Structures are given as structure tokens and as C-alpha cells.
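Numbered from 1 within each chain, the chains take letters A, B, ... in sequence-line order. Keep in mind that what you see is a predicted model, and the values were worked out from it rather than measured.
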There are 2 protein chains.
Amino acid sequence: MAAQPLPSAEPAACRVLGLRERKKQRTRDALVSAAHRLFLSHGYGRTTIDEIAAEVDVSPRTFFRYFANKEEVALAVLADAEDYFVATLRERPASENPLQALRSSIVLAWRDLSDTGTSDTGVTAALELIQLIEETPTLLAAHLRRITDQERLIAELIARREGLDPSVDLRPRVLAAVFGGVLRSAHLAWSSDHSAPGPEGMIAVIESHFDQLGPALAGDWR
Amino acid sequence: MAAQPLPSAEPAACRVLGLRERKKQRTRDALVSAAHRLFLSHGYGRTTIDEIAAEVDVSPRTFFRYFANKEEVALAVLADAEDYFVATLRERPASENPLQALRSSIVLAWRDLSDTGTSDTGVTAALELIQLIEETPTLLAAHLRRITDQERLIAELIARREGLDPSVDLRPRVLAAVFGGVLRSAHLAWSSDHSAPGPEGMIAVIESHFDQLGPALAGDWR
DNA sequence: TTGCCGAATGTCAGCGACTGACATAATCTC
DNA sequence: GAGATTATGTCAGTCGCTGACATTCGGCAA
């Protein structure tokens, strides 16, 4: 995750990584949080790479040695949440069917992430970012592309979990795509409707969208 | 659709539009087809706006008066296919349930489009473009964002069709998202597996993915 | 400590996407 | 055919992004 929660303590455990690695990690974190701050205050399009770099006191060229492009630094905030979700999914019991496993994994991941960090951990940052993404076409495009990569990964996980050959059975990929669609729909609903703020609100919106999955596909809508 | 199929005939019906409008339409079509050709032969990333403009004998500045950006001219080839799909969806009988209507609409749209034009109509161009999109990250991102706009439209159509308020009932949006997911999954499968070429191949892949929708969401995968 | 190696960074030049401003030339209207 | 519209060209400039080269900094052994 980003930065050090308590700048006072410099734990000795960090020594396992050389000074060089620690420094790299610090500038990377600094770039991410500076970018996040600038994007939220001035808007994504009105923020310049030069500004971000200047904020961290680093040359613009260095920025591109950490991130391939402007979108990447913005989306980096979500990386941990996504990783946590995948980790959660791996540990779901085999008794759950695939759809149940996916659904409980996101809900659990959001809940855990919002519980662990007491105050302004990455969760709030992630929620702010989702908001920003939905109102920034360029970011949305980049995010959607990342999502498809994630779906491929999820499909493979599900396939392995069920002992299937993903190149033969279409179900894992279809399920992953459906899952992605429902989730995206939930994100959009959450970000355009401020009646359910915070992680709990997001969880509630996600649950309600999953609840509508069956009815939406059913023949009879009455 | 693009260009005139038979350059010999200059139908009098065109006179209803002024010379100015006709000219604009012609340069627009010329830009789209030049871009399409260059993208397919040299690759999207290695094709320059200047090259496209030069091909049509137009200044680069003019290009940006027709298209907001490089992605837009590439994706323009799909616009007609999408419009045709939406038109088809509007005419589906009320007896079909929403999911059925969506499914039969794409299949019918593809079939009609591949039947109407005898030889190299827009259908082949659309298929070539889908292929290009899947192997070009930048294009894929832009395409996915367009898809989400389409999904919003589809959700509204379905809601009206079923006499629902789309701001209350989540089913239309969830269904549209699921539909988009299945379709995207099918496109990916089609473009990465050359065993089913042409429109018929695409239709077959789409059908098989829809067939897996129920099983994928079912509790029991055995 | 010294000194060397490799990795991280800065500097600089340059390409390509995209935009605003203004001038010019083409159509449209009367 | 004159004047109002509108499309187009030209030009200058910003910003995202990259390659090449020089410099500096951390890691490591003599």
C-alpha cells in the first residue's frame, strides 16, 4: 500500500531491503499520492506530469521510469484492493459455487480493507478514485482495459478451482465477464448516487446489484 | 455506411443534401477508409494522423475537425453495425423476454449485415476492426468505454420496453452489463481463435457464449 | 577507506497527438 | 454577383512520451 502510516518509526525490519530499494519504494509512493492529490483537487486532465514530478522533486523523465503513462499512476491506488480481492478469492471454500465465491470475495475484501485501516487508509483513496474514474473518460477507458486483464485472471482462477481446462470450457470466462459487468454497473451506480457513501454504501450497492442478477436474466420480469 | 458502393451512379436523391454536405460526407468517409486501410497494413500505433490526412489530401488540422482523436476514426467503422443492432432491438416483439430480445438482436444484426452487402461491405471491415481492437491496447480501452455508453442506451431501451423506471429498477442496467460482458467475451474468443472466421463464425461463437450464460451462473458446474 | 560496478536519476533533443487563433477559400442565400 | 456562412489551411504552442548520453548514488569487495 501507499506510504508509511507513521513517519516517526523507522523499523529495523526495513533493513532487509537495501537502502536503494527503500528509496525507490518511497519515491514511487510519493508519486502515487502526489498524483492522487493533484488529480482530485485540479482534475485529471488539468494535472501535468511535470506538476506531479515537481511535487515529489523528481525529473519528469524519472516519472516515466516508474509508470508507463499518466493513467497508470492514477490507477495504482486500486492495485492493492484488487490484489486483496484476488487473495480473498483464492481462499474461498470449495463448497461455494463459483458465483457465490466471487460475490462473497468482493464483499469480504471491501469489508476487510475498510476495517483494517482505522482512518484514511487506502480504502477512502480507492473510493475517491472510483469516483474520479467514472467522471473522467480517459481514466475510465484505461480502467476498463485493466478490468479485462483482471477478468482473464479471475477466469483462470475459477477454472483451476473447478478443475476445468479454460481453453475448452467457456463458463469461467463467461462468468468472469458477467461478474465484471455487474461490478462495473455497481460502481457506476454508487458514484452517481451519493445516498450511500463510504465502504458500507459501496458494499450495499454491490449486494443489491448481485441480487438483481437472477431477476434480470429471468424470463419473467413481473 | 462508408463510401459509395458503385462510383458510377450518382443518384439524384443526393441532391436533397447540398454540395457542401455531400463533400463533407465524402471526406469523412475517405478519412475513415484511409485510416482503416493504414491501421490494418502498418498497425495502429505506427500510423500517423499526418499520414491519414495526407492520404485523403487534407490538412492534419482538418482531420481533428471530423474526429476528436485517433481512436474515434478507427472505431467509426463499427458505428453502423451498432446502430443496426439498436434498430433491430427496437423491433423485437414484446413476447420475447429482455435477454432473448438482446440475444436474437445481435445474431439477427450480424446475419442481416452479412447478407445485405454481397462482397466487401462494412461487415468484413467490422470484423477486421474487432480483430485489430483486441490486439491494440489503446484501441481496446477506447472501445470498452464506448461499449459502456452503448450499455446505458440499451438499459434505457429495455426499461422503456418493459415499462420500468430505469432510475429505480436495477434490472435493465444489470442485464445490459451482463449482455456487454458476454458479447465482449465472445469477441475476444473469436479474435483469438481463427477456427471460425467470417460473420458465420462470429455468430456461432456468440451463440455458444450465450448458451454458457445459464450454466456459468448455475450453482452446480458438473 | 578506497575504488569499482551497476542502477537510478537528470538533461536534452525530438516525435506525435491535440488545440487555439487567425487568415483564406469555398459554398450558400438572396 | 455581393455578402454572410462555413469549411479548410497555416502556424505556433502545449503536453504526453521516448531514446541517448552523462552523472550521481548505493552496493560490495579489496
Using a 4.0 Å heavy-atom cut-off across all strands, classify [X] as base, sugar-phosphate, or nothing.
X       : value
B:Thr62 : sugar-phosphate
A:Phe67 : nothing
A:Phe63 : nothing

Which residues pass the salt bridge (charged side-chain N to carboxylate O under 4.0 Å, His left out) test with [X], sequence neighbours left out?
X        : value
B:Arg145 : none
A:Glu128 : none
B:Arg152 : B:Asp149

Exercise for review: Kindly state which residues belonging to residues 35-54 of chain A come within less than 4.0 angstrom of DNA chain C, counting heavy atoms of the residue only, listed by number.
Suggested key: none
Review point. Out of curiosity, B:Leu78 CG to B:Leu129 CG, how far, rounded to the nearest 0.5 Å?
Key: 4.5 Å
Point to revise | With A:Tyr84 via ring-ring contact (aromatic ring centres under 6.0 Å, His included) - residues at least two apart | key: none
Exercise for review: Mark yes or no for whether B:Trp190, through its side chain, and B:Gly201, through its backbone, hold a donor-acceptor pair below 3.5 Å.
Suggested key: no
Review point. Under the 3.5 angstrom rule, does the side chain of A:Lys70 hit a backbone N or O of A:Thr47 as a donor-acceptor pair?
Key: yes
Measure the distance from [atom1] on [X] to [atom2] on [N] and round it to the nearest whole Å.
X       : N      : atom1 : atom2 : value
B:Arg22 : D:dA7  : CZ    : P     : 15 Å
B:Arg65 : D:dG9  : CZ    : P     : 8 Å
A:Arg61 : D:dC17 : CZ    : P     : 12 Å
B:Lys70 : D:dC15 : NZ    : C1'   : 16 Å

Let me have the donor-acceptor pairs involving side chains of residues 130-144 of chain A, under 3.5 Å, with sequence neighbours excluded, atom names and distances please.
| residue | atom | partner | partner atom | Å |
| --- | --- | --- | --- | --- |
| A:Gln131 | NE2 | A:Ser191 | O | 3.1 |
| A:Thr136 | OG1 | A:Leu132 | O | 2.8 |

Revision key, fill the gap. The correct set of residues in residues 136-149 of chain B placing a heavy atom under 4.0 Å from DNA chain D is none
Extract all donor-acceptor atom pairs below 3.5 Å that involve side chains of residues 54-62 of chain B and protein atoms in other chains or at least two apart in sequence.
| residue | atom | partner | partner atom | Å |
| --- | --- | --- | --- | --- |
| B:Glu55 | OE2 | B:Arg37 | NH1 | 3.0 |
| B:Ser59 | OG | B:Arg61 | N | 3.4 |
| B:Ser59 | OG | B:Thr62 | N | 3.2 |
| B:Ser59 | OG | B:Thr62 | OG1 | 3.2 |

Check your understanding: Does B:Tyr66 place a side-chain N or O at less than 4.0 Å from the phosphate oxygens OP1/OP2 of D:dA7?
Key -> no
Practice item. Write down the atom of B:Leu175, the atom of B:Pro98, and the distance for their closest heavy-atom approach. Key: CD2-CB, 3.4 Å
Revision key, fill the gap. Nearest heavy-atom approach of A:Val182 to B:Ala177 is N-CB, 4.4 Å
Review point. Under a criterion of less than 4.0 angstrom to any heavy atom of chain A, what are the 5'-terminal and 3'-terminal contacting nucleotides of DNA chain C?
Key: C:dG6 to C:dT11
Review point. Which pairs count as salt bridge (Lys or Arg N to Asp or Glu O under 4.0 Å) when at least one residue sits in residues 173-192 of chain B, sequence neighbours excluded?
Key: A:Glu151-B:Arg184
Practice item. Could you list all the ring-ring contact (aromatic ring centres under 6.0 Å, His included) pairs where at least one residue sits in residues 23-43 of chain B, not counting sequence neighbours? Key: B:Phe39-B:Tyr44
Revision key, fill the gap. 5' to 3', nucleotides 23-30 of chain D under a 4.0 Å protein heavy-atom cut-off (B base, S sugar-phosphate only, - none) gives --BBS---
